[in-house]
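What follows is a set of notes on a single structure, which appears directly below.
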Amino acid sequence: MSRRRITIGSPRTEDFDRLAGWFEQAGVATADPAGEADLYRDAFTSGYLGVAADGGYSKNLQTFLELPVSQRAPGRMLVRVLRLDEAPIGVLVMGAHAHLWEFLSAGLSQEEAVDAPSPGLRNFMIGALSTAKIHAVVVDPEHRGRGHGTRLLRTALATAARDNLVMVYGQFAAERTHLAALYERVGFDVLDPGEPLRLFMVTGDPTDAMAGLPTERFFV
């Protein structure tokens, strides 16, 4: 019997048909998983999904600056699909995080956010390009327990190394206690439920933090 082939690579258009279901499996906090999946599909078919990610810091920065402001967040979103032979059985979604970007851009005026880079905008871009959130790591139920989740997380960390990221993080429902061991196994620190995520590595200010909910845990 021939050995079945496991690969992790770029998405195909038809993979976005499954993205809403994968988001729901992962417990991604969105009121409209199908609508969010459509945004990813539109960015992919329009050619700007993930174009400012997984290319190394210098290339990512150049691409980021060339994108219209409305395309910069999806430009930082990376989607990688886990396949068994040709069948998609899981997904990794990582990249921009709206709450962190709001925090980093809080001091910018509207003009700074869209015109030539000011010192404040440069600081925002450095933060935006040196961090990534793992939004979803999902493996279909019938394929779990075989190391596929670990493979996807190692793909995320390899991307982080190529892009010189200073912080990769995510969060999960505290009731999903089995996930703590998965994240710790590949090298993440898992915080206590409700513990805030310190942003010193990004901002240089030890008092900066992102609040955590009592029902959730950050990993970083």
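These numbers come from the heavy atoms of this one structure, side chains and all, not from hydrogens, waters or symmetry mates.
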Say you draw a straight line from [atom1] of [X] to [atom2] of [Y]; how long is it, rounded to the nearest 0.5 Å?
| X | Y | atom1 | atom2 | value |
| --- | --- | --- | --- | --- |
| Phe44 | Thr13 | CZ | OG1 | 4.5 Å |
| Leu61 | Asn164 | CG | CG | 12.0 Å |
| Arg154 | Arg185 | CZ | CZ | 8.5 Å |

So, using side chain to side chain contact (heavy atoms under 4.5 Å, CB included) as the criterion, who are the partners of [X] when residues are at least two apart?
| X | answer |
| --- | --- |
| Leu84 | Arg4, Ile6, Ile89, His143 |
| Phe200 | Pro206 |
| Ala96 | Ala73, Arg76, Met77, Trp101 |
| Pro214 | none |

Non-hydrogen atoms of [X] and [Y] that approach each other most closely:
| X | Y | value |
| --- | --- | --- |
| Leu129 | Leu165 | O-CD2, 3.3 Å |
| Ala26 | Val138 | CB-CG2, 3.4 Å |
| Ala43 | Pro74 | CB-CB, 4.0 Å |
| Arg217 | Leu191 | NE-O, 2.8 Å |
| Phe64 | Ala52 | N-CB, 4.1 Å |

Any residue meeting ring-ring contact (aromatic ring centres under 6.0 Å, His included) with Phe218, in chain and number order, not counting sequence neighbours: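 Once residues adjacent in sequence are excluded, Phe218 has no partner under the ring-ring contact (aromatic ring centres under 6.0 Å, His included) criterion.
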Quick test of your reading: applying side-chain hydrogen bond (donor to acceptor under 3.5 Å, both in side chains), list the pairs with at least one residue in residues 186-207, sequence neighbours left out, ordered by first then second residue.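 side-chain hydrogen bond (donor to acceptor under 3.5 Å, both in side chains) check on residues 186-207 returns Thr203-Asp208, Asp205-Thr207.
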Determine which pairs satisfy side-chain hydrogen bond (donor to acceptor under 3.5 Å, both in side chains) with at least one residue from residues 14-28, sequence neighbours left out, and list them in order.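 Found Asp15-Arg83, Asp17-Arg41, Arg18-Asp140, Trp22-Asp140, Gln25-Arg144.
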Take Leu92 and Ile134 through the test side chain to side chain contact (heavy atoms under 4.5 Å, CB included) and record every step on the way to the result. CA-CA 8 Å; Leu92 162 71; Ile134 296 179; 4.2 Å; yes
So with a 6.0 Å cut-off around NE2 of His99, is the heavy-atom count from everything else above 12?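 At most 12 heavy atoms, drawn from other residues, nucleotides or ligands, come within 6.0 Å of this atom.
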Could you work out the complete set of other residues in the hydrophobic cluster of Leu67, with links drawn between I, L, V, M, F, W and Y side chains under 4.5 Å apart?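 Other cluster members: Tyr48, Val51.
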Judged by atom type as modelled, is there a donor-acceptor pair below 3.5 Å linking the side chain of Asp163 to the main-chain atoms of Gly56?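 Checking the backbone N and O of Gly56 against the side chain of Asp163, a donor-acceptor pair under 3.5 Å is found.
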Which residue pairs pass the salt bridge (Lys or Arg N to Asp or Glu O under 4.0 Å) test when at least one of the two sits in residues 42-56, sequence neighbours left out?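 Only Asp54-Arg80, Asp54-Arg162 qualify under salt bridge (Lys or Arg N to Asp or Glu O under 4.0 Å).
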Can you name the residues that form a salt bridge (charged side-chain N to carboxylate O under 4.0 Å, His left out) with Arg12, not counting sequence neighbours?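 Once residues adjacent in sequence are excluded, the partners of Arg12 under the salt bridge (charged side-chain N to carboxylate O under 4.0 Å, His left out) criterion are Glu86.
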May I have the list of side-chain donor-acceptor pairs in residues 166-174 shorter than 3.5 Å, sequence neighbours left out?
residue	atom	partner	partner atom	Å
Tyr169	OH	His97	ND1	2.8
Gln171	OE1	Lys133	NZ	2.7
Gln171	NE2	Glu216	OE1	2.7

Heavy-atom distance under 4.5 Å between the side chains of Phe219 and Leu179, does that happen here?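 Heavy-atom side-chain distance check fails, nothing below 4.5 Å.
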Please tell me if the side chains of Phe16 and Val81 come closer than 4.5 Å, counting only heavy atoms from C-beta onward.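 No, side chains not in contact.
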So Thr155 and Leu82, side chain to side chain contact (heavy atoms under 4.5 Å, CB included) or not? Walk me through it. CA-CA 10 Å; Thr155 296; Leu82 172 73; over 6 Å; no
Could you walk me through whether Glu36 and Phe23 pass the side chain to side chain contact (heavy atoms under 4.5 Å, CB included) check? CA-CA 9 Å; Glu36 185 149 339; Phe23 281 157; 4.0 Å; yes
